[in-house]
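Below: the structure, in structure tokens.
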Amino acid sequence: MSTDTGTETREQARIGDTPFRYGAELAEEIERRWQDRWEREGTFQAPNPGEPGSERAKVYLLDMFPYPSGSGLHVGHPLGFIGTDVLGRYLRMTGHNVLHAMGFDAFGLPAEQYAVQTGTHPRTTTEANVARYKAQLRRLGLAHDERRSVATTDVDFYRWTQWIFLKIYGSFYDAQQRRARPIEELEAEYAAGTRSSPDGRPWGELSEVERRALIDSFRLAYVTEAPVNWCPGLGTVLANEEVTADGRSERGNFPVFRRNLKQWMMRITVYADRLAADLDRLDWPDSVKAMQRNWIGRSEGARVRFDVVGAPVGIEVFTTRPDTLFGATYMVLAPEHPLVDQIVPGAWPLDTDPRWTGSDRSGRPAPDQTPAEAVAAYRATAARKSELDRQENKDKTGVFTGALAVNPVNGQAIPVFVADYVLMGYGTGAIMAVPGQDQRDWDFATAFGLPIIRTVAPPEGWEGEAFTGDGPAINSHNDEISLDGLGVIEAKRGITAWLAEKGAGESVVQYKLRDWLFSRQRYWGEPFPIVWDEHGPIPLPDGQLPVELPDIADYAPKTYAPDAADTEPEPPLSRAADWVNVKLDLGDGVRSYRRETNTMPQWAGSCWYYLRYLDPHDDKYFCAPEIEQYWMARDPSRPGDPGGVDLYVGGVEHAVLHLLYARFWHKVLYDLGEVSSEEPFRRLFNQGYIQAYAYTDARGSYVPAEEVVESPDGGFTWNDAPVSREYGKMGKSLRNVVTPDEMCERYGADTFRLYEMSTGPMEVSRPWSTRDVVGSQRFLQRVWRNLIDETTGASRVSDDDRVEPQTLRLLHRTIAGVHTDFLALHYNTAAAKLIELNNHLTKRGAAVPRSVAEPLVLMLAPLAPHIAEELWSRLGHDATLAYAQFPIADERWLVAETVEYPIQVNGKVRSRVTVPANADGDAVRVAALAEEKIAAVLDGRPPRKVIVVPGRLVNVVV
RNA sequence: GCCCCCGUAGACCAACCGGCAGAGUCAAUGGAUUCAAAAUCCAUACAGUGUGGGUUCGAAUCCCACCGGGGGCACCA
């Protein structure tokens, strides 16, 4: 800080008068001292089961761990961390064993990109960033158990990420038992003949390679050639969840293409039903549950089989509207559908509509093409379209395959098309098209001149196209069944039963959720514990873990022009030849293998870090069972409780990705008996964001927000030039970043914490306002001044314990209120109540009695722990207050002696009357009616009605 | 287009099961302190709850419609 000499002298003179005034300097000294002491004494180390202190009721609080970015924390980041810290400190003072730790989600793109640019190893960057984050967080006085901190990039940590991967790889999903089981049990069932192979051949007749392929096809982690999101601009493939609604990469905003590529997948779809159903057992915000349900996308319908004329195969479709089957006038297969090649005939049927047979490069009909050529041309065009093209252009395109299918309800032959409005990834990748009841089919039918048959009668006066609502079925009968006149629900039931009887279909539940693409072509991620021989992947034994990342010269994956759809991913690890080619003895002698060169996605570590906090240094288990049980077990006193972390706090942006993946891993671990809890996070809380104003000048460039002043007319100027204001994120490029370090310097961490907690309840987003922070500082200063002599630093508290009832009532009302507020995470109202109490003590004038001062300090401690510890010690206590008993309200002082009742006449307050608190309803009524203004209004007439709300008010109706 | 959340003094926010619109903070205004300023302290004022209807003795709170803001989903058969 630079000030001229004159100011400094005066500053010193001031401090000379009151060296113990609570200001930034004193705050900083106090804060450092207590942070050191907490660390030295291990104050916040939470005992595990069996250790002293573990007999207290446990609470596991968790923050979504941060990615340690190069720019450090701004004031928005720690909002949730402070919130959980306040709750943790409160719970510790009410007798709980609180586990609260902080780790780092440290794999990720920025460190890798920085490495590509500068050649600095990502580990170097990452470790420096983690150290900086830790220093910033320490300064805030967060009561973390520092022994439990982990980073996903620690070899000791990712060794266990790899171990869990192997567990998942080594499992299959038993659909009957609805749980994952070890893959060896599947193998045993095949060997014993209790389960037969798909083609019926006995296990003994399969070759070793065939056996491996069969078993691999059941694994929960598997390699497959499937349509994936290929992003040439990033040089990597992405999960569905990482692609935005407009078909671009969430990171970098590059176009994404659907490509068939060989990639690792996680079979999350087999858990779709449990992931959806168990949401009901979670204490989560409705919005997040809704988003997950939406993403999982459960829908009930039927599978229906259509024969294909002249082909040995049939087409299966999924439909949610089997009741409209009589209106199916054509079918569509997704362009990638494997059956396409099998059904395409050598020539078009006679009289094929020329619009159906595809077009040449100039878009004109090309009647000379064979069906195979037309289909191939269309497939090629569809594959070249990016997701974005598909989104933007919803005009229906497609081509006739030349094949005809048979509608099972009426034997009608209907044309089969290939069109990209049908997606391979949903249902069976094929649909029956019912233009009368589906707008997409209507659009396609209109474009291609296909017939439209309504099978649900639209309401009188219907002028729309496809009718998707409820109504009586029409045109829906054959010799055996008639749906006509039935409503949609009954018609569905009727036709599904008929299809089942005929063997042409059955009812089925379908999910939108797709398997999780689990490999990335990146350097800075967990290597797979997998090697390859000529037949496929082979898991490494536990003893070979960890598989460490090799040092390489070039960290970048091969990237391409963003729209180069036909390119191939090339992972950086594939260039580390010495690492890739290994000779290992995996049980049948030393042989050569190639290592898997993809790495895991960033989500892997965050799928289980909360388990590692519990047992961070264990080298035998990822988390010892008795420790997991202690912190995570289901609570038998709560019916349906799935167990898990007691409170998980973070932003809503992880509603689907992280929270869905973590739930999936946890359920696998539960099925395999590795954890006792069924869900990772029993209660979830979304904190709001701290947002900020940013200002742009006339040219549209951002100016430093700190230097902008508000003019009297409500406008804003910077260097006297008008600027315009926008509201949103805090960021370097917006020039509006405020850091917690700055706030600690200017006001102290306690003031900063209190400010963040005072501006609103935890769940609300709000603007940052540096100008307002001083209010929190003034409050702490007033508390300090009430208890401490600013000249000597000695306690001013009086030991005379005769306290007037008015003060006692306020004290106990405050105690009672603060308990409720802390538990509800309404720290803003808790702070307001403490301010109110302190204001009362200030106005009261006389020295504050110890019996009021001490509870005040204890109640303040969760919010402003350093100043509270300091006051507590200056009041004569040697030990930390972290485990002191939080004040308990005395019921006697919660009841008032008299109550003032407002008296309403016809709902408007006209007067008030004070009566003894124990007065009954009749007494209150009598007192109210006798009150002179009311008596005057009534003027002798009897009121029509008198409503007495005990403790609240009286309403006189005339 | 569909779904979810939110609209209260100039700003951020309180108000429990429908019962006096105000706990707290900033800013504003007046005053004390000061040679002056900063800092500090004391005091004051400020909205009838986005709009329009409905239910009720009584609505910020419950219901309906609309307006505004934020978020999610969107060719998912």
Side-chain angles (χ1 to χ4, degrees), chain A residues 7 10-11 14 18 21 23 245-246 285-291 293-295 297 299 301 317-321 324 332 390-391 393-396 419-423 425-434 437-441 443-444 510-514 652-653 655-656 686 691 710 714 727 754-755 758-761 763-776 778-779 781-782 785 790 817 820 824 826 828-836 839 842-843 900-909 912 943-958:
Chain A
T7 319
R10 285 195 292 271
E11 189 85 348
R14 182 184 65 72
T18 52
R21 166 167 291 197
D246 55 352
D286 287 339
S287 60
V288 176
K289 287 190 188 182
M291 280 188 252
R293 280 204 189 90
N294 202 320
W295 192 261
S299 56
V317 303
F318 171 72
T319 178
T320 54
R321 296 294 304 274
T324 65
V332 183
R390 285 197 183 197
Q391 288 288 339
N393 190 353
K394 294 199 174 172
D395 288 346
K396 297 289 179 289
D420 67 0
Y421 83 94
V422 171
L423 310 173
Y426 186 70
T428 61
I431 61 155
M432 62 178 213
V434 187
Q437 269 74 233
D438 185 294
Q439 189 60 42
R440 296 157 299 182
D441 296 344
D443 294 341
F444 189 87
Q510 192 60 242
Y511 297 93
K512 201 168 87 176
L513 182 70
R514 285 175 243 174
V652 73
E653 72 272 19
V656 176
N686 291 129
Q691 301 189 282
E710 186 170 0
Y727 182 56
L754 189 67
Y755 168 73
S758 305
T759 46
E763 63 271 22
V764 168
S765 292
R766 55 210 107 147
W768 175 262
S769 172
T770 300
R771 196 172 67 166
D772 295 2
V773 179
V774 68
S776 297
R778 284 184 195 143
F779 164 57
Q781 207 169 54
R782 284 196 294 262
R785 190 183 301 127
E790 291 187 328
T820 317
H826 288 175
N828 54 328
T829 50
K833 290 182 176 84
L834 295 176
I835 293 169
E836 197 181 359
N839 285 351
T842 308
K843 275 180 205 146
E900 189 188 57
Y901 280 84
I903 310 168
Q904 296 183 336
V905 177
N906 291 338
K908 289 225 158 58
V909 179
R912 34 196 90 228
R944 190 138 62 95
K945 200 172 177 186
V946 179
I947 295 142
V948 178
V949 184
R952 289 285 184 182
L953 56 51
V954 182
N955 190 10
V956 182
V957 187
V958 295

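Predicted model, so just to flag it, every value in this text is computed and none were measured. Letters A, B, ... mirror the listed sequences (proteins, then strands); counts begin at 1.
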B:C3 phosphate, OP1 or OP2, under 4.0 Å from A:Asn294 side-chain N/O:
no
Of A:Lys833 and A:Ala290, the one whose nearest nucleotide on RNA chain B sits closer to the 5' end is A:Ala290
Nucleotide forming a Watson-Crick or wobble pair with B:A28, both distances under 3.5 Å
B:U44
Is there side-chain contact between A:Arg321 and A:Asp438, with heavy atoms separated by less than 4.5 Å?
no
Establish, with yes or no, whether the OP1 or OP2 oxygen of B:U40 is under 4.0 angstrom from a side-chain nitrogen or oxygen of A:Arg778.
yes
At under 4.0 Å between heavy atoms, what does A:Val949 touch on the DNA or RNA strands: base, sugar-phosphate, or nothing?
base
NA contact type, A:Ser765, heavy-atom cut-off 4.0 Å: base, sugar-phosphate, or nothing?
sugar-phosphate
Have a look at B:G7 and give me syn or anti from its glycosidic angle (syn if within 90° of zero).
anti
When you get a sec, tell me which of B:A23, B:C12, B:U25 is the closest nucleotide to the side chain of A:Glu836?
B:A23
Within the 4.0 Å heavy-atom criterion, would you say A:Ser769 contacts the bases, only the backbone, or no part of the nucleic acid?
nothing
I want to check a possible cation-pi pair here: A:Lys396 against A:Tyr421, using under 6.0 Å from ring centre and within 45° of the ring axis as the test.
yes
Name the nucleic acid region contacted by A:Ile947, choosing base, sugar-phosphate or nothing; use a 4.0 angstrom heavy-atom cut-off, strictly under.
base
If you compare every side-chain N and O of A:Arg782 against the phosphate oxygens of B:U25 (OP1, OP2), does one of them come in below 4.0 Å?
yes
For the side chain of A:Tyr426 and the backbone of A:Gln510, is there at least one donor-acceptor N/O pair under 3.5 Å apart?
no
Under 4.0 Å, heavy atoms only, any strand: does A:Val764 hit a base, just the sugar-phosphate, or nothing?
sugar-phosphate
Quick one: label A:Pro761 by what it contacts on the DNA or RNA (base, sugar-phosphate, nothing), any heavy atom closer than 4.0 Å.
sugar-phosphate
Any base atoms under 4.0 Å from A:Gln781, or only sugar-phosphate, or nothing? Heavy atoms, all strands.
sugar-phosphate
I'd like to know if A:Asn955 reaches the base of B:C57 with its side chain such that a donor and an acceptor end up less than 3.5 angstrom apart.
yes
Among B:C41, B:A23, B:A77, the one nearest any side-chain atom of A:Arg785 is B:C41
Flag side-chain contact, heavy atom, 4.5 Å: A:Val288 against A:Asn686
yes
Identify whether the glycosidic angle of B:C17 places it syn (within 90° of 0) or anti.
syn
B:A65 pairs with which nucleotide, Watson-Crick or G-U wobble, both distances below 3.5 Å?
B:U51
Just N and O in the side chain of A:Arg321: are any of them under 4.0 Å from OP1 or OP2 of B:A77?
no
Any strand, both distances under 3.5 Å, Watson-Crick or G-U wobble: B:C13 pairs with B:G22
Side chains of A:Arg782 and A:Asn839 in contact at under 4.5 Å (non-hydrogen atoms):
yes
